[in-house]
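Counting starts at 1 for both ligands and their atoms, following the listed order.
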Amino acid sequence: MTETPASHNSRATQRFPVVVVGAGPAGLTVGCVLRAAGVDCLVLESESREFVERRPRAGVIEEPVVRGLERRGLAGTLLERARRDTACEFRFDGGRHPFGYHELTGHHHWVYPQQFLVTDLVREYADMRGGAVRFGVRDVRLHDLDGDRPSVSYVCPESGRREAVACDFVAGCDGARGVTRAAVAGRARVSRHDYGIGWLALLAEAPPSADRVLFGCHPDGFAGQMPRSPEVTRYYLQCPPGDDPGNWPHDRVWAELHRRLGAAGAEPLTGGPLIEKRVLDMHDYVTEPMSFGRLHLAGDAAHLVAPIAAKGLNLAVHDAFALGDALVDRLLRGDGTGLAGYSASRLRQVWDYQEFSQWLSELYHGGASGNPFRAGTALARLRRLFSSPATAAAFAERYLGTAARY
Ligand code: APR
């Protein structure tokens, strides 16, 4: 493990039972669960509060996650402001194919931009539950994670001095490019999958063109529409991995969206200025195990799931519930069973979601693979969703995250 021994000039002057690295959905949820139980913790975040509260990321939240947040008193604003989605629509073979998952299952999806959730969680953690947090910290380092007395140090943005914090446990919630993931490099098994596909991720200042998520499975590539708010809509366009967003001027983007999402009887898309244009290279990874000594990873720090099935945010919060509860059991009741089983039980759901993303990826992208055999099987997979009630039910269960327990 690439951890550094605590240096002499950073002797720990502070002590918290838990240090949480990262104030994203995973870290803040762990913090809120701990504070609700009266466990002290310190959240360390490299960005400012304003930055994390405005950073647009994911936005689709599963009903079981919302229920989990609600049980922990964390869903008040979400329940007031989030939209409930009851159906999505596939567009292929020139036609519209609505998939009414609420009608089928009684369950729905919630649409709530991740930055709103982060804003709610920061307020709850820091302002309501009195949780300690330091924003803007630099160069976080982990020390002595294999012993009984780990510590975390960081450079304080105000003084420029390295501060050290002694703790019992570290929650690694600092995302895909954080320091906790780097700390287990060489020790963890990291399984990676590259789809060989790019998505041009777009935010348009335009109302949604349909009141539901649209999946365009077109021979020229996938296109998606995800309504975010009455003013802003997210679109995706499949493109070569590593493509330059500069290759996608305004007119080309809208022409491709019109073509790939076009269908008989569909309203034309409502255009508007593109306020974000990024190319995402579709890939996944899973880090095993998710626990190393006193360090437990959660969210993107442990696993990344390409946005194909909108599962990343949901897995992050599921991890955080499990880790928060396990830390409370261990610290308040001396019961370490939850922590000991944390990695194995979370990995069951993580792999299940990875497999679903892969299945869905073939459905979205197979038709544009240039391989007629894959195009034929992808189309068969699409048609089966609408001809076989058992397939439709299985898809809905996995899409909505309502499958059995893990
Ligand atoms: N030290 C402290 N904080 C850090 C460091 C570091 N070295 N590196 C990163 N961070 C912070 C980031 O600024 C961010 O606020 O850790 C936080 C990690 O948050 P996310 O990346 O949102 O990860 P997570 O909480 O696991 O949530 C996963 O977020 O990435 C999206 O779409 C993804 O929906 C998924 C969800």
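- Close approach of ligand 1 to Leu44 is summarised as follows: ligand atoms under 4.0 Å from at least one heavy atom of the residue are 2 (C), 3 (N).
- A distance below 6.0 Å separates the ring centres of Tyr364 and Phe215.
- In this structure, the ring of Tyr235 has its center no less than 6.0 angstrom from the ring center of Trp199.
- Here is the list of ligand 1 atoms found below 4.0 Å of a heavy atom in Gly178: 8 (N).
- Contact atoms of ligand 1 toward Val179: 7 (N) (distance under 4.0 Å to a heavy atom of the residue).
- Ligand 1 has no nitrogen or oxygen under 3.5 angstrom from a nitrogen or oxygen of Gly312.
- The distance from ligand 1 to the heavy atoms of Gly299 drops below 4.0 Å at these ligand atoms: 26 (O).
- Ring geometry, Tyr399 versus Phe395: the interplanar angle falls under 30°, so the pair is classed parallel (tilted spans 30 to 60°).
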Derivation and outcome, side-chain contact (heavy atoms from CB on, under 4.5 Å), residues Val179 and Arg141: CA-CA 7 Å; Val179 64; Arg141 294 184 192 170; 5.9 Å; no
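- There is no side-chain donor-acceptor pair under 3.5 Å between Tyr195 and Asp281.
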Candidate pair Arg15 and Asp40, rule salt bridge (Lys or Arg N to Asp or Glu O under 4.0 Å), full reasoning: CA-CA 9 Å; Arg15 185 168 212 302; Asp40 273 339; over 6 Å; no
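- Between the side chains of His296 and Asp319, no donor-acceptor pair of N or O atoms lies under 3.5 Å.
- For ligand 1, the atoms closer than 4.0 angstrom to any heavy atom of Ala316 are 26 (O), 27 (O), 28 (C).
- Of all non-hydrogen atoms in Tyr125 and Arg35, the two that sit nearest each other are CE1-CG, 3.5 Å.
- Checked against a 3.5 angstrom limit, the closest N/O atoms of Ala176 and ligand 1 fall outside it.
- Partner of Val140 under the side-chain contact (heavy atoms from CB on, under 4.5 Å) criterion, chosen from Val170, Val152, Val155: Val152.
- Given atom 33 (C) of ligand 1, the protein heavy atom at minimum distance is Asp300 OD2, 3.4 Å.
- Of the N or O atoms in Glu47, none lie within a sub-3.5 Å distance of an N or O in ligand 1.
- Close contacts between ligand 1 and Val21 involve ligand atoms 1 (N), 2 (C) [criterion: under 4.0 Å to a heavy atom].
- Here is the list of ligand 1 atoms found below 4.0 Å of a heavy atom in Val140: 1 (N).
- Of all the heavy atoms of Val52, the ones lying under 4.0 Å from any atom of ligand 1 belong exclusively to the side chain.
- At the top of the distance list for atom 19 (O) of ligand 1, counting protein heavy atoms only, stands Gly24 CA, 3.4 Å.
- Ring pair Phe386/Phe92 is tilted by interplanar angle, where 30° to 60° counts as tilted.
- Under 4.0 angstrom from ligand 1, there are no non-hydrogen atoms of Val137.
- Atom 35 (C) of ligand 1 has as its closest protein heavy atom Leu313 N, 3.4 Å.
- Evaluated by nearest non-hydrogen atom to atom 18 (C) of ligand 1, the leading choice among Cys173, Ser48, Pro307, Ala23 is Cys173.
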Take Glu47 and Arg55, measure what salt bridge (Lys or Arg N to Asp or Glu O under 4.0 Å) needs, and give me the verdict at the end. CA-CA 10 Å; Glu47 302 289 351; Arg55 179 174 42 195; 5.1 Å; no
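- Considering backbone and side-chain N/O of Ala26, one or more are found under 3.5 Å from N/O of ligand 1.
- Put simply, the side chain of Arg381 gets close to the backbone of Trp359: a donor and an acceptor are under 3.5 Å apart.
- Scanning the protein heavy atoms around atom 14 (C) of ligand 1, the nearest turns out to be Arg55 NH2, 3.3 Å.
- Among all non-hydrogen protein atoms, the one lying nearest atom 23 (O) of ligand 1 is Gly175 CA, 4.0 Å.
- The shortest contact between atom 4 (C) of ligand 1 and any protein heavy atom is with Ser46 OG, 3.3 Å.
- Taking only non-hydrogen atoms, the option from Gln114, Arg57, Glu45 nearest to atom 21 (O) of ligand 1 is Arg57.
- Of the protein's non-hydrogen atoms, the one nearest atom 9 (C) of ligand 1 is Asp174 O, 3.2 Å.
- Ring-plane geometry between Tyr101 and His109 is classed as perpendicular, the angle between the planes exceeding 60 degrees on a 0 to 90 degree scale with a lower cut at 30.
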